[in-house]
S.K.: 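To start, I am sharing the structure in question, which I have written as structure tokens.
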Amino acid sequence: MQYRDYDFKAIEKKWQDYWVKNKTFKATDFSDKPKYYVLDMFPYPSGAGLHVGHPEGYTATDIVCRFKRMNGFNVLHPMGWDAFGLPAEQYAVETGTHPSITTKKNIETFKKQIRSLGFSYDWDRELSTTDIEYYKWTQWIFIQLYRKGLAYLDEVPVNWCPALGTVLANEEVIDGKSERGGHDVIRKPMKQWMFKITEYAERLLEGLDKLDWPDGIKEMQRNWIGKSIGANVVFKVSDSLEKIEIYTTRPDTLFGATYMVLSPEHRLVRTITTDSYKNEVEAYIEKSSRMSDLDRTSLNKEKTGVFTGAYAVNPVNGKRIPVWIADYVLVSYGTGAIMAVPSHDERDFEFAKKFNIPVFCVIKPTEKQVEEKNIKIQDVLEGKLCWFGDGTGINSANSEGLDINGLGVNEAISRTIKWLENKGIGEGKTNYKLRDWLFSRQRYWGEPFPVVHMEDGSIKLLSENEIPLKLPQVDNFKPSGSGESPLANAGEWLEYIDPETGMKGRRETNTMPQWAGSCWYYLRFIDPLNKKAAWDPKKEKYWMPVDLYVGGAEHAVLHLLYSRFWHKVLFDLGLVSTDEPFLKLVNQGMILGLSYKDPRGALVPGDKIEIKDGKFYNRENGDELIEFPAKMSKSLKNVVNPDDVIKVYGADSMRLYEMFMGPLEATKPWNTLGVEGVFRFLKKSWRMICESEIKDFQLNRKQLSTLHQTIKKVTNDISTLNFNTAISALMIFINEFSKDNILSREAAETFIKLLSPLAPHIAEEMWEFLGHENGTIVYEKWPECKEEYLKEDEVEILVQISGKPKVRIMISSDSDEEATKAKALENSIIAELIKGKAIRKIICVKSRLVNIVI
RNA sequence: GCCCGGGUGGCGAAAUGGCAGACGCAACGGACUUAAAAUCCGUUAUCCCUUAUACGGAUGUGGGGGUUCGAGUCCCCCCCCGGGCACCA
């Protein structure tokens with residue numbers, strides 16, 4: 001073959017066409033090879049197209065896939081579209097364009113862009129959550145969950161915006177106002193579909209332990225689930241038959257309870273409030289119901305509350321304590337009521353101080369902690385200071401057999417619970433912060449629920465042969481005005497007549513949230529064309545679980561928790577074979593854009609920058625600016641479009657730069673100048689292969705060592721996803737081997753193979769250039785590192801005197817400790833430096849250093 | 001406030017407790033060229049000593065302490081940046 005320039009445009013087109021034509025990356029079901037399932041978080045195909053953040057994770061997974069194929073794995077690497085959702089619907093409201101048209105167009109753009117990067121997806125498995133053949137099975141899964149008793153309708157508050165006449169998603173409400181227009185948003189109760197994810201709280205928590213996920217993400221899920229262990233305790237209401245049950249994690253502080261608090265929504269509030277306090281209580285309830293959650297829970301908010309006039313009896317000591325209502329107690333957690341122990345709970349302490357409620361200390365801090373925290377123990381004992389650290393019980397005994405004085409916190413808790421249980425007035429109780437999952441949206445562009453509201457008020461679940469329930473064509477995508485979804489205007493579509501009983505009904509007009517489609521797409525990829533089932537269980541058993549899942553950390557809780565929940569339900573139903581879907585999870589870091597900030601720290605958009613003498617100025621007011629990485633955004637004009645990079649440098653350079661910037665997980669700033677460097681490296685590689693004389697000859701010791709060190713480094717680094725250092729190893733190799741204009745075939749072929757997962761187009765072309773005329777490098781065997789070549793005859797070691805580096809000497813690489821020491825001591829410079837000094841000791845690290853301590 | 005990340009040259013970054021700054025960018029100098037691009041070679045942490053870019057010495061991984069023959073790496077305290085959670089009793 002004739003030498004040509006590195007014409008990346010022609011090369012990349014040629015091989016992308018070749019891969020598509022030959023279905024090079026087709027994953028075969030039931031191959032004898034070990035399977036490896038690599039999944040990217042599939043994108044929402046927006047109108048803006050890809051930005052440089054998308055290809056980061058996709059490049060990483062692509063490299064792993066190609067590496068695994070060369071190591072003999074049968075790789076499943078699919079791509080699809082999470083295409084239901086708000087932007088297409090909002091565009092429809094504004095322009096009247098049907099969301100399916102927008103979606104189709106955006107998918108085409110995304111697909112073209114993704115293909116231009118040469119990713120090795122099996123495109124035969126492509127899917128979109130909006131395909132009727134896909135959402136049929138999303139509805140089918142809903143049916144399974146419903147039948148298992150995990151779906152229910154409940155009247156819960158939604159974000160209702162009267163000015164816009166619509167319901168908003170949480171994400172569209174910013175500081176209690178609508179994102180668009182800044183109108184007030186209130187909480188309005190509406191019938192909503194809920195999932196009992198709380199039934200799976202414990203298993204979702206336990207399951208985390210065995211997952212190979214970033215600790216941060218696991219911790220976020222743990223916090224979200226929010227398990228706490230404590231007790232429910234029943235307090236009698238004084239002069240009444242009513243009882244108030246409270247939840248506490250600190251039953252050991254029961255003797256310190258000086259008041260109680262009910263949340264304003266607690267069902268007993270009106271019952272127990274005495275006549276003289278009615279007006280105040282009603283006013284308070286009314287006031288807090290109008291407040292948004294944000295207002296109620298915002299920081300630094302001073303505590304508020306009112307007394308109900310009622311008293312309760314503390315069951316451990318019979319003391320009468322006042323019952324208050326306050327919005328710092330949430331109705332949705334625990335029992336919606338607490339016992340307040342101001343002496344040992346900061347919130348209660350704050351409240352008690354404000355309303356002059358007594359503080360009664362029941363835990364004496366340990367000496368050690370008093371010292372550490374630098375507090376006066378007397379202040380705690382007198383109730384002047386709130387103490388929530390360790391300590392021992394005081395003032396905590398009654399005549400009915402409970403005595404926890406002198407006990408530590410843990411022991412006191414278990415004793416108290418035992419006592420409460422014996423008396424029948426309380427029990428050990430575990431609570432979770434996790435709430436049931438609100439699953440319906442008042443939207444058009446989502447999966448319709450396979451549900452009908454019948455005339456008689458009953459709810460009918462469609463049967464499996466009544467799905468797919470197709471989303472109807474409508475002309476008007478505007479909200480219905482009643483707070484219902486645009487589907488409420490869908491006319492005939494709404495009407496339903498039961499085929500068996502003839503009873504009339506109206507279809508559910510809510511649609512499912514965007515999470516629905518992404519909850520199970522990894523399962524459909526296994527068997528995307530199956531018409532009879534969501535997936536074939538045999539294929540599921542072969543491919544699952546996902547071995548590597550890569551995506552952004554913004555899905556840490558929601559998507560990843562929801563899909564784990566569905567997966568566990570499917571597992572319980574015997575529909576999948578593993579109880580966790582994603583074995584290993586990696587979050588790629590955010591890529592920031594180059595931005596500029598002025599002396600006041602304000603960011604200045606990219607089009608207002610003027611560069612003079614290597615310094616940056618604001619064109620408008622002459623302020624000197626400093627370069628500063630910031631999140632890419634339209635307004636800052638710092639968004640980098642991959643297409644532009646590919647046009648100038650090619651897809652291989654784009655891929656390489658994305659990986660060379662730094663560790664995959666790190667947040668890092670994009671700098672287009674950096675692409676120049678990897679582009680040069682590829683050009684250099686190209687010249688080394690295509691301009692050198694390639695011959696078969698035996699490499700010398702030094703070259704063999706470099707070659708095998710490179711194999712070892714690249715192999716390890718790709719396995720551990722440290723692509724940046726793998727690339728630098730290949731650069732070192734090139735710097736070494738491109739010095740000569742004659743190259744051994746062995747070195748050349750090994751290099752191309754090592755490069756091929758990272759920069760596949762150029763690798764294919766060079767592979768072909770070397771005479772592999774028909775075929776692809778994709779399934780060539782990955783080079784093997786032979787340890788015996790790594791060893792060099794001589795190694796350089798450092799000789800230090802008292803830890804200070806002095807000289808470097810060459811020694812035979814198999815010198816033992818004694819020989820190494822002797823060599824070091826006989827060196828003339830060392831001998832001079834230690835002359836006349838006593839050697840205290842000598843530390844010797846084999847093949848590394850000798851440290852002579854004097 | 002709490003929980004995770006992170007802080008290393010002008011910049012992106014490397015470093016199983018063992019020579020800090022590999023690799024790359026930028027900058028500077030040189031070669032090639034009529035010239036430019038491309039390419040190649042070299043220099044590039046700070047300070048001191050010095051006729052000096054030699055030789056030599058000291059300092060240096062956010063700050064302060066500690067462990068160790070030896071610390072970017074381990075331990076304690078503090079500061080700053082990014083992300084998440086936020087009255088969950």
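Chain letters run A, B, ... following the sequence lines, proteins first, then strands; residues in each count from 1.
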S.K.: Of V845(A) and K668(A), whose closest RNA chain B nucleotide lies nearer the 5' terminus?
M.R.: K668(A)

S.K.: Would you please name every residue forming a side-chain contact (heavy atoms from CB on, under 4.5 Å) with K647(A), sequence neighbours left out?
M.R.: D644(A)

S.K.: State which residues pass side-chain contact (heavy atoms from CB on, under 4.5 Å) with E350(A); sequence neighbours excluded, sorted by chain then number.
M.R.: K303(A)

S.K.: For a quick check of understanding: with a heavy-atom distance under 4.0 Å over all strands, which category does Q800(A) fall into, base, sugar-phosphate or nothing?
M.R.: base

S.K.: Could you tell me how far A71(B) sits from G66(B) if I compare only their P atoms? Round to whole Å.
M.R.: 12 Å

S.K.: Can you tell me how far C1' of C40(B) sits from NZ of K683(A), to the nearest Å?
M.R.: 13 Å

S.K.: From C23(B), C87(B), C40(B), pick the nucleotide closest to the side chain of K684(A)?
M.R.: C40(B)

S.K.: Is the phosphate of C4(B), meaning OP1 or OP2, less than 4.0 Å from a side-chain N or O of R222(A)?
M.R.: no

S.K.: With a 3.5 Å cut-off and no angle check, do the side chains of N223(A) and K433(A) form a donor-acceptor pair?
M.R.: no

S.K.: Between C85(B), C23(B), G18(B), which nucleotide has the shortest distance from any of its atoms to the side chain of K433(A)?
M.R.: C85(B)

S.K.: In whole angstrom, what separates F681(A)'s CZ from G12(B)'s P?
M.R.: 23 Å

S.K.: Among C87(B), C69(B), G24(B), which nucleotide has an atom closest to any side-chain atom of M731(A)?
M.R.: G24(B)

S.K.: C25(B), A13(B), A89(B): which one has an atom nearest the side-chain heavy atoms of L330(A)?
M.R.: A89(B)

S.K.: Which nucleotide, G18(B), C87(B), G84(B), lies nearest any side-chain atom of M220(A)?
M.R.: G84(B)

S.K.: Can you tell me the distance, in whole Å, between the CZ atom of R250(A) and the P atom of C87(B)?
M.R.: 20 Å

S.K.: Nearest-nucleotide wise, let me know which of M590(A) and R840(A) is further upstream toward the 5' end of RNA chain B.
M.R.: R840(A)

S.K.: Taking the side chain of V853(A) as its heavy atoms from C-beta onward, which of A89(B), G24(B), C69(B) lies nearest to it?
M.R.: C69(B)

S.K.: Give one of base, sugar-phosphate or nothing for N851(A), where a contact means two heavy atoms less than 4.0 Å apart.
M.R.: base

S.K.: Quick one, V799(A) with N827(A), criterion side chain to side chain contact (heavy atoms under 4.5 Å, CB included). Give me CA distance, side-chain angles, the key distance, then yes/no.
M.R.: CA-CA 9 Å; V799(A) 184; N827(A) 176 281; 5.9 Å; no

S.K.: In this structure, how many angstroms lie between the P atom of C11(B) and the CE atom of M661(A), rounded?
M.R.: 16 Å

S.K.: In residues 714-725 of chain A, which ones come under 4.0 Å of RNA chain B, going by heavy atoms?
M.R.: N724(A), T725(A)

S.K.: I'd like to know if K429(A) pairs up with E245(A) as an ion pair, taking the criterion as any Lys NZ or Arg NE/NH1/NH2 lying under 4.0 Å from an Asp or Glu carboxylate oxygen.
M.R.: no

S.K.: Which pairs with one or both residues in residues 655-675 of chain A pass ring pair (Phe, Tyr, Trp, His ring centres under 6.0 Å), sequence neighbours excluded?
M.R.: Y657(A)-W670(A)

S.K.: What nucleotide among C3(B), G12(B), C25(B) has an atom nearest to a side-chain atom of P669(A)?
M.R.: G12(B)

S.K.: Per the atom types in the model, does the base of C87(B) pair as donor or acceptor with the side chain of E346(A) at under 3.5 Å?
M.R.: no

S.K.: Looking at D252(A) and R250(A), is there a salt bridge between them, counting it only when a charged N and a carboxylate O are closer than 4.0 Å?
M.R.: yes

S.K.: Might you confirm whether atom NZ of K287(A) has over 12 heavy atoms from other residues, nucleotides or ligands at distances under 6.0 Å?
M.R.: no

S.K.: So what does I338(A) hit on the nucleic acid, given a heavy-atom distance under 4.0 Å: a base, only sugar-phosphate, or nothing?
M.R.: base

S.K.: Under a 3.5 Å cutoff on both atom distances, Watson-Crick or G-U, what's the dot-bracket for RNA chain B ([ ] crossing, | other strand)?
M.R.: (((((((..(((.....[....))).(((((.......))))).((((.......))))..(((((..]....))))))))))))....

S.K.: Choosing from C85(B), C25(B), C87(B), which nucleotide comes nearest the side chain of L673(A)?
M.R.: C25(B)

S.K.: Between C69(B), C19(B), C40(B), which nucleotide has the shortest distance from any of its atoms to the side chain of R848(A)?
M.R.: C19(B)

S.K.: Round to the nearest Å and state the distance from K846(A) atom NZ to G17(B) atom P.
M.R.: 20 Å

S.K.: What is the nucleic acid contact for P663(A), judged by heavy atoms within less than 4.0 Å: base, sugar-phosphate only, or nothing?
M.R.: sugar-phosphate

S.K.: Any N or O donor-acceptor pair under 3.5 Å from the base of G84(B) to the side chain of E219(A)?
M.R.: no

S.K.: Is E796(A) touching bases, backbone alone, or none of the nucleic acid, heavy atoms closer than 4.0 Å?
M.R.: base

S.K.: Quick one: label K303(A) by what it contacts on the DNA or RNA (base, sugar-phosphate, nothing), any heavy atom closer than 4.0 Å.
M.R.: base

S.K.: What distance, rounded to whole Å, do you find between the two C1' atoms, one in G5(B) and one in G24(B)?
M.R.: 25 Å

S.K.: Can you name the side-chain contact (heavy atoms from CB on, under 4.5 Å) partners of F355(A), sequence neighbours left out?
M.R.: W324(A), F351(A), I357(A)

S.K.: Take atom CZ of F679(A) and atom C1' of G12(B), then tell me their distance rounded to the nearest Å.
M.R.: 20 Å

S.K.: When we call it a touch if two heavy atoms are under 4.0 Å apart, what does N735(A) touch: a base, just sugar-phosphate, or nothing?
M.R.: sugar-phosphate

S.K.: Suppose you measure atom C1' in U61(B) against the same atom in C80(B); what distance do you get, rounded to whole Å?
M.R.: 16 Å

S.K.: Would you say Y333(A) reaches A89(B)'s phosphate, i.e. side-chain N/O to OP1/OP2 under 4.0 Å?
M.R.: yes

S.K.: Closer than 4.0 angstrom, basic N to acidic O: yes or no for E658(A) and R655(A)?
M.R.: no

S.K.: Which part of the nucleic acid, if any, lies within contact of S228(A), taking any heavy atom under 4.0 Å across all strands shown: a base, the sugar-phosphate backbone alone, or nothing?
M.R.: sugar-phosphate

S.K.: Answer yes or no: does atom OH of Y432(A) have more than 12 heavy-atom neighbours from other residues, nucleotides or ligands under 6.0 Å?
M.R.: yes

S.K.: S685(A) and Y6(A): side-chain donor and acceptor closer than 3.5 Å?
M.R.: no

S.K.: Tell me which nucleotide among A26(B), C3(B), G18(B) gets nearest to the side chain of E676(A).
M.R.: A26(B)

